Number of protein chains: 2
Amino acid sequence: MSSAAAPNARDRILGAAIDLIRREGFAATSLDDLCRQAGVTKGAFFHHFAGKEDLGVAAADFWREGTSALFANAPYHRPADPLARVLAYLDFRRELVRGGVPEFTCLVGTLVQETYDSHPRIRDACAASIFGHAQTLEADIAAAMKKHRVTAAGWTPESLATHTQTVLQGAFILAKAKNDPALVFDAIDHLERYIRFLFKPKKKAAAA
Amino acid sequence: MSSAAAPNARDRILGAAIDLIRREGFAATSLDDLCRQAGVTKGAFFHHFAGKEDLGVAAADFWREGTSALFANAPYHRPADPLARVLAYLDFRRELVRGGVPEFTCLVGTLVQETYDSHPRIRDACAASIFGHAQTLEADIAAAMKKHRVTAAGWTPESLATHTQTVLQGAFILAKAKNDPALVFDAIDHLERYIRFLFKPKKKAAAA
DNA sequence: GACGACATACCAACCGGTCGGTATGTAGTC
DNA sequence: GACTACATACCGACCGGTTGGTATGTCGTC
């Protein structure tokens, strides 16, 4: 994910940006620190990026590309049953919670909080990452609804897919606040329990 | 909440800090901007606060005091049934989603993401606000479990109370990313559906 | 010799923080 | 009730370092 020792300067800068922004935030990450950590000079930076805002957009795009490749190649797509794939996705998210808080939390979740009001281009790039990823879950959810004959009362595959990301992003915030990765596991447990409820065979569906 | 025109400089500074930090973030909020918006000078600022980190701690504390008064006096405590109180809490959270995104989102959720690694004092103040508020929900959840004879399989009043805050914090992030308050309502709807599932009378409980 | 990929040197604005100073209490003493 | 001694609240000019950004140079490759 971090391309710490990439051959070209651009990727080294983006790798350093992902690391520093997740740790300190976007505004608190100075270009001097960034270039030092990437092992390049300011000249290299401004050769590849028009400015700091451009770096933010590029970092969010880089994150989106990296994570979408990671999830596309992950093993949770293997089960034949679509509901099993959704639950395997949650297992995979649990597996990703390793190392320190700055290593497993989400770049774009951090980035968007600092930039949503002042840097709409960065905000949109973050939104593309979050909602683009959510979208990859919709097909499995829709297939699971069909197979398990679930008629949604008040929710859709899209809204449930979005909700998984809501829970994960919130879990990262609470994990940071308490400096405790266990809170992410708790949140995923609740989310899994909810999804199992939604797909539990029953005579009468709940209203909300 | 914002004490925009408080009589004393300290509260005006804190009100301006809550506004600016929610809008731009902590690092991007300069003391010059802050003092300008508060209508005070740098001298007044450094009379009341030891430095910028101290402001962060004070703002989180101020937020905790303000929100805990708001929730303590809110009408969702009125229903006799404890589960109804929990659901009324969710309704109250829906009501708070008014105005623009910077106005209804959470100060400490934003603040902690920028400071969890570099300013532990601020992080702890944010954690106190989030988890202190979550704790106020535990009694109602526990009473609801008792009344509705729910034997939790894998969750506790504490973990469910925490989960409500997880969902809300995550919802704020997604609402910022898409610049759309409706995402908060969607998230609360899913959360309400989950809670209703948990307390639905049934013969057999689910495992997770 | 043009061009892409960087390095070096530098700048002006801005940043958090300091400092000397003023105005207004307020409590104690005679 | 006047005087001293001190505290609180606030002002605004100023400082040195850092910031994002620029201008120019160099080296390898086609």
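Because the structure is a prediction, the values reported are computed rather than measured. Chain letters run A, B, ... following the sequence lines, proteins first and then strands; every chain starts at 1.
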### Query
Under the salt bridge (Lys or Arg N to Asp or Glu O under 4.0 Å) criterion, do Arg121(A) and Asp124(A) qualify, and how do the steps go?
CA-CA 5 Å; Arg121(A) 287 179 56 229; Asp124(A) 292 343; over 6 Å; no

### Query
Quick one: Phe26(A) CZ to dT19(D) P, roughly how many Å, whole number?
14 Å

### Message
Students often get this wrong, so: under 4.0 angstrom with heavy atoms, is Thr41(A) touching a base, only sugar-phosphate, or nothing?
### Response
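Base contact.
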
### Query
How long is the line joining CG of Leu34(B) and C1' of dC14(C), in whole Å?
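Distance, rounded to whole Å: 16 Å.
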
### Task
Decide, yes or no, whether a salt bridge links Arg123(B) with Asp117(B) under the criterion of side-chain N to carboxylate O below 4.0 Å.
no

### Message
Need to verify one output field. Residue with the more 5' nearest nucleotide on DNA chain D, Gly39(B) or Phe45(A)?
### Response
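Its nearest nucleotide being more 5', the pick is Gly39(B).
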
### Message
What is the distance, to the nearest angstrom, from the NZ atom on Lys52(A) to the C1' atom on dT19(D)?
### Response
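So the two atoms are 9 Å apart, to the nearest Å.
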
### Message
Suppose we call a contact any N or O donor and acceptor under 3.5 Å apart; does that hold for the side chain of Lys42(B) and the base of dG17(C)?
### Response
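Side chain to base: pair found, below 3.5 Å.
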
### Message
Strictly below 4.0 Å: does His47(B) bring a side-chain N or O up to OP1 or OP2 of dC10(D)?
### Response
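Indeed not, no polar side-chain atom of His47(B) lies that close.
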
### Query
Which comes earlier along DNA chain D counting from the 5' end, the contact point of Arg36(A) or that of Ala50(A), where each point is its nearest nucleotide?
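It is Arg36(A), whose closest nucleotide lies nearer the 5' terminus.
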
### Task
Mind calculating the distance between CG (Asp32(B)) and P (dT19(D)) to the nearest angstrom?
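Those two atoms, CG and P, are 17 Å apart.
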
### Message
Once you measure the plane-to-plane angle for Tyr194(A) and His190(B), does it fall in the parallel (<30°), tilted (30-60°) or perpendicular (>60°) bin?
### Response
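Tyr194(A) and His190(B): perpendicular rings.
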
### Message
Taking the minimum atom-to-atom distance to the side chain of Phe46(A), which one of dG20(D), dG17(C), dA7(C) wins?
### Response
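Nearest listed nucleotide: dG20(D).
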
#### Entry: Given dG21(D), dA7(C), dT18(C), the nucleotide with the shortest approach to the side chain of Leu31(A)
dG21(D)

### Message
Whether the Thr29(A) and Glu24(A) side chains hold a donor-acceptor pair (N or O, under 3.5 Å, no angle test) is what I'd like checked.
### Response
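Thr29(A) vs Glu24(A): no donor-acceptor pair found between side chains.
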
### Nearest-Å distance for atom pair CG/C1', residues Asp54(B) and dG16(C)
14 Å

### Task
Kindly assign one of parallel, tilted or perpendicular to the pair His119(A) and Phe26(A), based on the angle between their ring planes and the thresholds 30° and 60°.
perpendicular

### Task
Quickly work out the Phe49(A) CZ to dC6(C) C1' distance and round it to whole Å.
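From Phe49(A) CZ to dC6(C) C1': 13 Å.
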
### Query
According to a strict under-4.0 Å criterion, is His48(A) in side-chain N/O contact with OP1 or OP2 of dA5(C)?
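Negative; the distance criterion is not met.
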
